[in-house]
Amino acid sequence: MRTPRRPQSALRAPLNEILGTEANVRLLRVLVQGDEPITAGELARRAGLNRTSIYPALNALEVTGAIAFVGTGAQRLVRFRTAHPLNAQLAALFQAEAQRVDHLISSLRTAAELRPPPISVWIEGPVLTGTDRPEDALVCYVLADPAALPDVIDRFVERVDAVERRFDVSIDVRGTTRSELAARPESEATLMQDAILLAGVPPTALRPHTLRARANALQSHEDHDVRTRRLALAIATKLKTDPGLVRLARQHVGERAKIASEGERRELQEWTRILAMPVSRLQ
């Protein structure tokens, strides 16, 4: 956007200069959220900006009085000026910005509380990498058994409609199945590791061939521990949405015990003891 031809009063409209560029906004967002002064290098890293390019923006913000430098020389730090007359309002603005996203995700998690529950509901797309633009829709995937999927999507979309109006966002609901998820290329599977889970099991835990391939590549105890923790998280999340799975597990152990060897029966007895725990403790 070109610089407006007609100037405005710096006294009456100080936000023109304080929030005048995206770099200014990014830098202020980081400084407002922090309690201590930080170096320019760390500030640039947190703001996602090039270190050498932030100094013009910092100098402009210093002129407005919104920020101040602490110390002298190359090691001087940057802080948000608490004495600035618009300090509280700017802090509240960025706080409201962050809370909007938290409340949006919380509302979508409430919308995903369906009965019977879907296998998994999650957010993915450019929002995970921070590359989404204002015109991009928020992409929500719903995974369920093929026979139930159309009904699950309809009920979720009906709930999502109210969320769209409340937060003024566009939400693209897409249905998928286990087989479609398993058929995704590994490049997409890597991105799914950062998916925002709304309900059910994390999508990466539903790619069994990927887990088997990774298991073959495990080299250390640490690798095994990481894999085990991820599997445990997936199970605990699933139990939270569908506690009835414990009953099915008990039935399976009971049926297996009828044909198990003596050694396996000892293992199954331990599982019987574990599955007798309250669901909250089992999680």
Got a donor-acceptor contact below 3.5 angstrom from the T110 side chain to the S106 backbone?
-> yes
Beyond-backbone contact of F80 with N87, side-chain heavy atoms, under 4.5 angstrom = yes
Is the number of heavy atoms from other residues, nucleotides or ligands under 6.0 Å of E264 CD greater than 12?
-> yes
Separation of E42 CD from R51 CZ (nearest 0.5 Å) | 10.5 Å
Check side chain to side chain donor-acceptor pair (under 3.5 Å) between Q283 and all other residues, then give those that pass, not counting sequence neighbours.
-> none
Minimum side-chain heavy-atom gap L77-I38 below 4.5 Å | no
Should V78 and L27 count as side-chain neighbours, where that means a heavy-atom distance under 4.5 Å?
-> no
Residues R155 and E158 bridged, charged N to O under 4.0 Å | no
Take Y141 and I123 through the test side chain to side chain contact (heavy atoms under 4.5 Å, CB included) and record every step on the way to the result.
-> CA-CA 6 Å; Y141 272 90; I123 296 171; over 6 Å; no
Residues I119 and R178: closest non-hydrogen pair is CD1-NE, 3.7 Å
Please say whether more than 12 non-hydrogen atoms of neighbouring residues, nucleotides or ligands are located less than 6.0 Å from CD in Q89.
-> yes
Check whether any side-chain N or O of E180 sits under 3.5 Å from a backbone N or O of T177 as a donor-acceptor pair, and report yes or no.
-> yes
What closest approach, in Å, do L86 and L15 show between heavy atoms, and which atom pair accounts for it?
-> CD1-CD2, 4.0 Å
Are V139 and V160 in one and the same hydrophobic cluster, where Ile, Leu, Val, Met, Phe, Trp and Tyr link if side-chain heavy atoms are under 4.5 Å apart?
-> no
Between the CG atom in L108 and the CZ atom in F167, the distance rounded to the nearest 0.5 Å is 8.0 Å
Is any side-chain heavy atom of L138 closer than 4.5 Å to a side-chain heavy atom of L104?
-> yes
Are the charged groups of R273 and E270 less than 4.0 angstrom apart, N to O?
-> yes
Would you say N16's side chain and Q8's backbone share a donor-acceptor pair under 3.5 angstrom?
-> no
If you draw a 6.0 Å radius around CZ in R133, do more than 12 non-hydrogen atoms from other residues or ligands fall strictly inside?
-> no
Would you say T64 and I18 make side-chain contact, with heavy atoms under 4.5 Å?
-> yes
Side-chain (D145) to main-chain (A147) donor-acceptor, under 3.5 angstrom | no
Should we count CD of Q99 as having more than 12 external heavy atoms under 6.0 Å?
-> yes
Is it true that V201 and L149 fall in one hydrophobic cluster, defined by side-chain heavy atoms closer than 4.5 Å?
-> no
At what distance, to the nearest 0.5 angstrom, does CZ of R79 lie from CG of L43?
-> 14.0 Å
N/O donor-acceptor pair under 3.5 Å between R81 side chain and E62 backbone | no
Ionic contact status for E124 with R184, cut-off 4.0 Å | yes
Distance (rounded to the nearest 0.5 Å) between W122 CH2 and L198 CG = 10.0 Å
Verify side chain to side chain donor-acceptor pair (under 3.5 Å) between T272 and R250, making sure each step is shown before the conclusion.
-> CA-CA 7 Å; T272 299; R250 290 171 185 159; over 6 Å; no
Look up atom CG in L19 and atom CG in L93, then write down how far apart they are to the nearest 0.5 Å.
-> 7.0 Å
Derivation of the side chain to side chain contact (heavy atoms under 4.5 Å, CB included) call for V253 and E267 = CA-CA 10 Å; V253 169; E267 296 287 344; over 6 Å; no
R265/R256 under side chain to side chain contact (heavy atoms under 4.5 Å, CB included): CA gap, chis, key distance, verdict | CA-CA 8 Å; R265 277 199 298 271; R256 183 68 192 178; over 6 Å; no
Contact check, side chains of L143 and V121, non-hydrogen atoms, under 4.5 Å | no
pair V30-L28: side-chain heavy atoms closer than 4.5 Å = no
Closest heavy-atom pair and its distance - P118, A112 = CD-O, 4.1 Å
L268 CG to L275 CG distance, which is reported to the nearest 0.5 Å = 10.0 Å
Shared hydrophobic cluster for V70 and I67 (ILVMFWY, side-chain gaps under 4.5 Å) = no
Give a yes or no on whether I235 and V279 share a hydrophobic cluster (residues Ile, Leu, Val, Met, Phe, Trp, Tyr; joining criterion: side-chain heavy atoms under 4.5 Å apart).
-> yes
Give the C-alpha distance, both sets of side-chain angles, the deciding distance and a yes or no for side chain to side chain contact (heavy atoms under 4.5 Å, CB included) between R166 and D161.
-> CA-CA 9 Å; R166 177 184 174 190; D161 183 59; over 6 Å; no
May I ask you to check whether over 12 heavy atoms, not counting those of D168, lie within 6.0 Å of atom CG?
-> no
All heavy atoms of P203 vs all of L181, minimum pair found to be O-CD2, 3.5 Å
Are L31 and V63 co-members of a hydrophobic cluster defined by side-chain heavy atoms under 4.5 Å apart?
-> no
Considering all heavy atoms of both residues, which atom of V32 and which atom of A91 are nearest to each other, and what is their separation?
-> CG1-CA, 3.5 Å
May I ask you to say whether E22 pairs ionically with R26, meaning some side-chain N is under 4.0 Å from a carboxylate O?
-> yes
Regarding R76 and the six-membered ring of F69, is the cationic atom NZ or CZ under 6.0 Å from the ring centre and inside 45° of its axis?
-> yes
Note, S120 side chain near L206 side chain (heavy atom, < 4.5 Å) = yes
Of all the heavy-atom pairs spanning A40 and I54, show the shortest one and how long it is.
-> O-CD1, 3.4 Å
Would you call R174-D172 a salt bridge at under 4.0 Å N-O?
-> yes
Sidechain N-carboxylate O distance under 4.0 Å for R159, E113 | no
